[in-house]
Each structure stands twice: as structure tokens, then as C-alpha cells.
2 protein chains.
Amino acid sequence: MDNDVVRQAPLFSALDDEAATALRASMSEIKLRRGEVLFHEGDSGDRAYIVLDGKVKLGRTSSDGRENLLAILGPGQMFGELSLFDPGPRSATVTAVTDSSFTSLSHEDLLRWLDGRPQVARGLLAQIAGRLRKANDVNADLVFSDVPGRVAKALLDLADRFGRTADDGVHVHHDLTQEELAQLVGASRETVNKALADFASRGWLRLEPRSVVIMDVERLQRRAR
Amino acid sequence: MDNDVVRQAPLFSALDDEAATALRASMSEIKLRRGEVLFHEGDSGDRAYIVLDGKVKLGRTSSDGRENLLAILGPGQMFGELSLFDPGPRSATVTAVTDSSFTSLSHEDLLRWLDGRPQVARGLLAQIAGRLRKANDVNADLVFSDVPGRVAKALLDLADRFGRTADDGVHVHHDLTQEELAQLVGASRETVNKALADFASRGWLRLEPRSVVIMDVERLQRRAR
DNA sequence: CCTAACCAGTGGCCTGGGTCACAGACACCA
DNA sequence: TGGTGTCTGTGACCCAGGCCACTGGTTAGG
């Protein structure tokens, strides 16, 4: 494993080589195939993970069995850190959306490692603070925006993180079924489908299996706010 | 100002006396009356605050002017810390719900102060992590629960933090108008009113101006999940 | 006091979106 | 090469809850 993969995580990007090597020593690698679950909501566990390759979804299940996705994470992103500071059962289920690999890091390792390095503590704080800000945004959207608006927003966010710009538009291979997309925006599969079909009929985007090509980012942004 | 007020903040509860005194030295006190605004969403600012006395609401306004409350905070609770790590415009407006007082603490002061004290950094991390967990819970509720359910949950939360148990039930002086309560749960004033009236007619609680007396916590909890 | 604001309570109408019920399109087998 | 499961596309129906319109009660300010 290369130091670079660790440095992909924004949190660790500022590390010097020696520190990265030291950190790496306390980490181990894991692989999953699409659909496999890393851990379930309610499990105990005190490891944090960084996605090296692939994508995962963080989801929670309501008492009546319906599911809600908190986030889709790709390479360089971290999850499970909450259990480091707020120990207790895992608050979400993590499932691979594509074949994926991760490194992990235990509670004690990270904490011990943190104590001497205030910059890293700050980085972690910044990371979690950003996440909190985003969670609050999602909240406001659930209250204020309609389903098409939330779908547009979700697509733009995915495009930002996973999109590749080509001359016919921004290709976004989000790897999500429409069902998953629906769980992400907090709506039913049918309604999301209709919103997507509507966007497509207006020429704002083209639908492809588990991916979209956004042809008019401008319009989509306007619809999202 | 007494060291105890600072220690009310869970974050600083573990401080020894010397540290509390040192911290206090870099803080200054502020007072607001009901309805006054401490700062607006979009303002710049890099101070964090701790509520000494009273209550505040953190709210955001949508583009079309409607408002959504993120949280109600009381004595010992901190806010504005996000701007410490994720500097930038304030992400919410803070308004006094009752006459209130606060101490504040600047960016540099806190960060400088943090560097030598890893336990405090951890405390802060734990605090923000907890907040993030809660924000995610609220998200799930917005997706899964109906308005009466969310109202019940909000009341129980307020009861937890501001309630006083008496022999006729738990008295919760939340100091919120029904309009504010509605903004907190992401619903209209009318619907919240009807939910409250329904709970009252079932004998689960008694309504009083800006407060409720919960007479059957059990039932309310069942309705909330 | 009197009047103006604000706040709580309630009924009625109307629509966004959830649920149901299918139907076509692939893909991956046995 | 039919068969079974997963995914997408769409119409029909229905209800939770938003918005509107009022009423009565309470508070604050002149």
C-alpha cells in the first residue's frame, strides 16, 4: 500500500512522509464486493475507515424496515469516526455500492496518534464540522424543497464528487439504482423516477443505467434552489 | 463571573480550577432580551458562545423567507463552534428566546488554548460528533415520521432538557410559541396546533402558554417512535 | 383604558407525493 | 430458451399536511 492512498483523505493530506508511514503501520486493508455490508447499524465497533477505492452508502433502517441513506462516499472519504469519540453502537449500516477497498484504524491508534498532533485534531474537527454543516443543509432541504429539487441537488452533489466532464456533458457514474437515489433524497422510487424523466424530457440530462449525463448544469442548478 | 458557569458546558466540565480561571480570562459576557438577535446567518464571525442563562434558537431562513429551527439551546450549551474550524459565514441566525446571557470566546483563543490540551480537543470532538449524530436522527425523522410524531419527539426532547417533574406531570417551560415549535419540527403552525390539541384531548398533556405539562410520558413516547 | 399586535384554536379546500398495480427491459442462471 | 429476479417507466388513486380564512384571547404600548 502506498502512502498516497492515505493522503487522499483530506484529513491526512498535510502529513509529512514520516507521519504517513507511521500511520500506515497501524492500518490494515479490507475489500468488499457490491452489496456486501461492512457493518450494521447497532453493531459495536470502534474502527474508522477510509475508502481507498469504490463507493459505499451509509444507511439507516427505520423501525418499519424502510431505509434512508445519509451519504454516498468515495475514495479518500472517511467514515465511522463518530465511534471514535462518541463510542457506542454504530449509527448506520455501511454497504458497498461498487466493489470497494478500505483501510481501517482503531480507536486507540487514532486517539494516541492524535494526542501529539494538534493540527490533525483540528483537521478532524474541521472534517466533522463540515459534515455537520452539510447534515443541517440536508435538513433544511427536506423542509423547504420538493422532491424534484432534492433530486436535482443530489445529482449536482454526485456530479461534483464523481462526475467527469466530456463534450456532451458531465458524466456521472453514481452507481446507484433509482431506489437508492430515492432513499438518499428521502422520497419514493416512483416519484424520483418521474422527476428524472421530467428532467430528461426537458433536455437537462440523459438517463443511463446507474448513471446520468448532465447536459444543462445551469438549469439543473436553478431547479435545485 | 463564577468558574462554575463555564464548567456547566459539558465540554469544560473536566477542567481543573486553574484551567477554568485561565479560560475565563479570555472570555467576555453578553446579554440579550427576548427576540434580540446575536448574529445573522451569513454574517462573518469567529467566536463561539456558551449560554449562561436563558434560551436561544438557531435558525435558518430559506430563499423565500420561511424559517427553520435547527435547535433550541439552554444553559451550558455551546454554539458557533463550527466557525472555529470551518471558518466562513455563520450558517444560522441566533435569536434569544428568553432574556439570556452568554460568554464568548474567539477563534484564536480557543485554538491556542486547545493545542496543549488533547483531552479538551477530544471533548470538543465528542460534542460535535454528538451533534452530528443528532442531526442525522432529525433527518431520519423528517423522512419517516409524521408531524404528530415529530411534535411528540420534540416535546420529549425539550422535557429532557428543560422539564421539571412535579406530581401532576412534567412541566416543560419551553418558552416557544407554537409557530416556533412548528419551525423546529418542520411543519406548519396549524398542523402542530392540531397535533397538540389532539394529545391534550387524549389526556397525554395539558397546554399552557409557551409551556406544556406532560401527564403521560409513556404514551407520548410510544407516539413518537 | 382602548387599540393594535400577537398568539392559539379550528374548519375547509387542494395538491404533492406516497402507495398500488402493471408492463417492458435486461441480465443471469439452470 | 424459457424462467426468475432486478431495475426502470407510468398511470390511477388517495391522504397527510400545507395554505387560507376566521374567531377569540392575551399582552403591550400609547
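Numbers restart at 1 for each chain; the letters A, B, ... are given by sequence-line order, proteins then strands.
- Checking the phosphate oxygens (OP1, OP2) of D/dG17, no side-chain nitrogen or oxygen of B/Thr191 falls inside 4.0 Å.
- In this structure, A/Asp198 atom CG and D/dG9 atom C1' are separated by 14 Å, rounded to whole Å.
- With rounding to whole Å, A/Arg206 atom CZ is found 14 Å from D/dG9 atom P.
- Of the candidates C/dG12, C/dG9, C/dT19, C/dT19 carries the atom nearest the A/Ser188 side chain, counting heavy atoms from C-beta on.
- Look at CG on A/Asp141: it is 17 Å from C1' on C/dG16, rounded to the nearest Å.
- Between A/Glu67 atom CD and A/Thr95 atom OG1 the span is 6.5 Å, to the nearest 0.5 Å.
- Ranking C/dG17, D/dG17, C/dT10 by closeness to the B/Lys194 side chain, first place goes to C/dT10.
- Residue B/Arg34 has its side chain nearest to C/dC7 when only D/dC7, C/dC7, D/dA16 are considered.
- Between the CG atom of B/Asp146 and the C1' atom of D/dG18 there is a distance of 15 Å, given to the nearest Å.
- Each of A/Arg150 and B/Arg210 lies near DNA chain C, and the nucleotide nearest B/Arg210 is the one positioned closer to the 5' end.
- Ring geometry, A/Trp204 versus A/Phe199: the interplanar angle falls under 30°, so the pair is classed parallel (tilted spans 30 to 60°).
- With D/dT8, D/dG18, C/dG18 as the candidates, the nucleotide lying closest to the side chain of A/Thr177 is D/dT8.
- Distance CG/A/Leu220 to CG/A/Leu205: 6.0 Å, rounded to 0.5 Å.
- A/Arg66 comes within 4.0 angstrom of sugar-phosphate atoms only, judged by non-hydrogen atoms across all strands, and of no base.
- For A/Asp141 and A/Arg150, the salt-bridge test fails: no basic side-chain N is under 4.0 Å from an acidic carboxylate O.
- Classified by interplanar angle (parallel below 30°, tilted 30° to 60°, perpendicular above 60°), the ring pair A/Phe79/A/Phe102 is perpendicular.
- Phosphate proximity of C/dC7 to B/Arg189: absent, as no side-chain N or O sits under 4.0 Å from OP1 or OP2.
- Within the 4.0 Å cut-off from OP1 or OP2 of D/dG9, at least one side-chain nitrogen or oxygen of A/Asn193 is found.
- Distance CG (A/Leu181) to C1' (D/dT6): 17 Å, rounded to an integer number of Å.
- D/dT26 atom P lies 20 Å from atom CD of B/Glu179, rounded to whole Å.
- Checked by distance alone, B/Glu190 brings a side-chain donor or acceptor within 3.5 Å of a matching partner on the base of D/dC20.
- Taking atom CG on B/Leu142 and atom P on D/dG18, their separation rounds to 11 Å, with Å as the unit.
- The distance between atom CD of A/Glu208 and atom P of D/dC7, rounded to the nearest whole Å, is 18 Å.
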